Amino acid sequence: MTVIDPDTQSGWVPEAAEDDEEEEMPLSLRLSIADTLTLGNATCGFMAVYFTTTGILIPHLTGSQETGMARHSAATAVILMLCAAVFDLFDGLVARKLRSSPMGAELDNLSDLISFGLAPAYFVLVYGMVADDAHQRVAAVGAIVVLLAVVLRLARFSCVTPTNGMFQGMPSPFGALTVVAIVLLELPFVATLLAILGTAWLMVSRVEYPKPRGRLAGAMLGWIVVSMGLLVAWAFGAPSGQLLLQTGCALQLVMGAVIPLFATARRVNNFRDNRREARAAQLP
């Protein structure tokens with residue numbers, strides 16, 4: 001029963017009724033284990049931007065000559081992007097094995113935008129400011145192209161369902177690591193910019209890349225671990241560390257170009273097999 005206060009004319013709700021009105025948190029607002037991994041992805045992307053700023057950009061603007069600090073910060077920023085790729089790899093695997101919240105897809109896109117859109121684009125921007133032969137404004141255009149390519153790719157991914165276990169366009173984690181590898185190769189500025197623009201084009205193209213599942217996911221994880229080791233060796237000035245890092249970066253670029261060729265070859269072989277089966281079925 002509701003009791004009316006004659007002075008305020010407002011309803012007084014008994015404590016039992018208040019308890020009844022309390023509802024559990026909606027399912028859409030609960031975080032799953034996969035969502036927690038996705039948030040780790042976003043955190044790594046943000047920290048990559050932080051180390052790029054504090055360890056590379058600010059010392060350059062203040063005239064500091066501590067090249068060791070810049071090298072350590074660059075390596076740390078790239079390692080954090082690699083960690084973000086690991087989180088991105090495992091959140092999908094965990095979501096398929098366990099429960100995934102309704103927020104999962106949105107959280108994944110937003111986290112990917114930070115780690116594989118903003119962080120590598122900012123890395124390119126800072127490169128244009130600190131490299132001796134770079135042009136800041138031109139590098140800024142390249143950074144914007146990288147960011148917009150990731151935005152367009154993530155938007156398209158939300159609207160198009162991958163078929164036959166293939167992605168259309170280079171996946172954003174792979175694209176981000178390829179962009180960073182191009183910068184770390186320390187090529188001439190024009191060659192660096194053209195390679196970055198080519199990678200951005202691959203991300204929004206219809207070139208097919210396989211989804212990282214099974215053995216391919218294991219191979220990707222192994223390559224990420226190797227890349228981290230190369231970055232650590234380079235950061236601490238290990239013998240031939242620079243050569244090892246450049247070799248790893250070159251392999252990253254080669255994989256970005258070669259992997260779609262394998263996918264295309266598989267499509268061609270499947271098409272030929274289907275034609276042969278169709279012809280065999282038509283024979284009496």
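Nothing fancy with the numbering, it's 1 onward along the sequence. No experiment lies behind these values; they were computed from the predicted model shown.
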Could you pull out all donor-acceptor pairs under 3.5 Å where a side-chain atom in residues 241-248 meets a protein atom, sequence neighbours excluded?
| residue | atom | partner | partner atom | Å |
| --- | --- | --- | --- | --- |
| Gln242 | OE1 | Trp234 | NE1 | 2.7 |
| Thr247 | OG1 | Leu243 | O | 2.8 |

How long is the span from the [atom1] atom in [X] to the [atom2] atom in [Y], to the nearest 0.5 Å?
X: Thr36; Y: Phe87; atom1: OG1; atom2: CZ; value: 10.0 Å
X: Leu107; Y: Leu37; atom1: CG; atom2: CG; value: 11.5 Å
X: Ile56; Y: Tyr122; atom1: CD1; atom2: OH; value: 9.0 Å
X: Phe236; Y: His72; atom1: CZ; atom2: NE2; value: 5.0 Å
X: Leu125; Y: Ile144; atom1: CG; atom2: CD1; value: 8.5 Å
X: Leu113; Y: Asp108; atom1: CG; atom2: CG; value: 11.5 Å

Output side-chain donor-acceptor pairs under 3.5 Å for residues 171-186, partner residues at least two apart or in another chain, one line each.
| residue | atom | partner | partner atom | Å |
| --- | --- | --- | --- | --- |
| Thr178 | OG1 | Phe174 | O | 2.7 |
| Thr178 | OG1 | Gln252 | NE2 | 3.2 |

Open item on the list: With side-chain hydrogen bond (donor to acceptor under 3.5 Å, both in side chains) as the rule and sequence neighbours excluded, what pairs involving residues 38-48 come up?
Closed with: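 Those involving residues 38-48 are Thr38-Asp91, Asn41-Asp112, Asn41-Ser115.
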If you group Ile, Leu, Val, Met, Phe, Trp and Tyr by side-chain heavy-atom gaps below 4.5 Å, do [X] and [Y] land in one group?
X: Phe116; Y: Met228; answer: no
X: Leu82; Y: Tyr127; answer: yes
X: Met170; Y: Val204; answer: no
X: Phe157; Y: Leu148; answer: no

Task: Partner set under side chain to side chain contact (heavy atoms under 4.5 Å, CB included) for His135, not counting sequence neighbours - done: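 Per chain and number, His135 pairs via side chain to side chain contact (heavy atoms under 4.5 Å, CB included) with Val138, Phe189.
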- [ ] Only counting residues at least two apart or in another chain, list the ones meeting side chain to side chain contact (heavy atoms under 4.5 Å, CB included) with Tyr50.
- [x]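 Expected list: Met47, Thr54.
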Open item on the list: Test side chain to side chain contact (heavy atoms under 4.5 Å, CB included) on Glu106 and Ser158; report intermediate values, then the result.
Closed with: CA-CA 9 Å; Glu106 298 299 330; Ser158 300; 5.9 Å; no
TODO: Share the residues that join Ile58 in a hydrophobic cluster, the rule being Ile, Leu, Val, Met, Phe, Trp or Tyr side chains under 4.5 Å apart at the heavy-atom level.
DONE: none
Task: Check: Arg153 side chain, Gln168 main-chain N or O, donor-acceptor pair, under 3.5 Å - done: yes
